[in-house]
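Letters A, B, ... are given to chains in the order of the sequence lines, protein chains preceding strands, and every chain is numbered from 1. Owing to the predicted nature of the structure, the values given are computational and were not obtained by experimental measurement.
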Amino acid sequence: MSKDKNFYERVYEVARQIPYGKITSYGAIAKAIGAARSARMVGYALKNSPEDVPAHRVLNRKGVLTGKQHFPGKNLMQQLLENEGLTIVNNQVQDFEKHFWNPKTSL
DNA sequence: TGAGTGACTGTAA
DNA sequence: CTTACAGCCACTC
């Protein structure tokens, strides 16, 4: 059981706010919840994320699908992103900054 | 209780 | 430009 379950829920809450066709980074979410240095934990939390959380829209700061291997199937994450109008080459999103969505901006 | 781990990030070479 | 290293926090065993 987690002591700071609130941390996870914060991550989910922000992740759910990611608009369709947009993407963000782990660090961005971490900052949004006030845990800028816990970007790694964001990814860890997303690993346990419920289905209503679009974890596939969360990438690392380079725009690489680092968590692709954690999704069911082999390239589900990429397919989901491509389905949202994004272009992915070599596990990396093209025009990452262009589609980047800052959680703090939405707050 | 302590050590190990990770869907990361920023800085250095 | 790319590659390497260290710092970071929360979680698991």
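Taking 4.0 angstrom as the limit, A/R40 places none of its side-chain polar atoms (N or O) nearer than this to OP1 or OP2 of B/dT9. The side chain of A/T66 contributes an N or O atom lying less than 4.0 Å from OP1 or OP2 of B/dC8.
Residues A/L59 and A/F96 form a side-chain contact, since some pair of their non-hydrogen atoms from C-beta on lies under 4.5 Å apart.
In the set B/dA7, B/dG6, B/dC8, B/dG6 carries the atom at the smallest distance from any side-chain atom of A/M41. Each of C/dA10, B/dA7, B/dT11 was ranked by its minimum atom distance to the side chain of A/R61; first place goes to B/dT11.
One interatomic measurement links the two molecules: CG of A/L59 to P of B/dG6, which rounds to 20 Å at whole-angstrom precision. Summarising the geometry, the separation between OH on A/Y8 and P on B/dA7 is reported as 11 Å, rounded to the nearest angstrom. Rounded to a whole Å, the OH atom of A/Y12 is 12 Å from the C1' atom of B/dA7. The distance between atom NZ of A/K62 and atom C1' of C/dC1, rounded to the nearest whole Å, is 13 Å. Going from atom CG of A/N6 over to atom C1' of C/dA10 covers 13 Å, rounded to whole Å. The separation between A/I29 atom CD1 and B/dT9 atom P is 10 Å, rounded to whole Å. If you take CG of A/N90 and P of C/dT2, they are 12 Å apart, rounded to a whole angstrom. A/L81 has its CG atom 13 Å from the C1' atom of B/dA7, to the nearest Å.
Residue-to-nucleotide proximity on DNA chain C shows that, of A/S38 and A/N48, the 5′-proximal contact is made by A/S38. Taking for each of A/R37 and A/Y44 the nucleotide of DNA chain C with the nearest heavy atom, the 5'-most of the two is the partner of A/R37. If A/K31 and A/H70 are placed on DNA chain B by their nearest nucleotide, the residue sitting closer to the 5' end is A/H70.
Results of the side chain to side chain contact (heavy atoms under 4.5 Å, CB included) test with A/V14 over A/V58, A/I29, A/V53, A/V42 single out A/I29 as the only residue that passes.
Using a 4.0 Å heavy-atom distance criterion, A/A55 is classed as a base contact.
For A/A55 against A/S49, the heavy-atom pair with the smallest separation is CB-OG, 3.9 Å.
Distance alone, capped at 3.5 Å, places no donor-acceptor pair between the A/Y12 side chain and the A/F7 backbone.
Checked for salt-bridge contact, A/R57 and A/E84 meet the test: a charged N lies under 4.0 Å from a carboxylate O.
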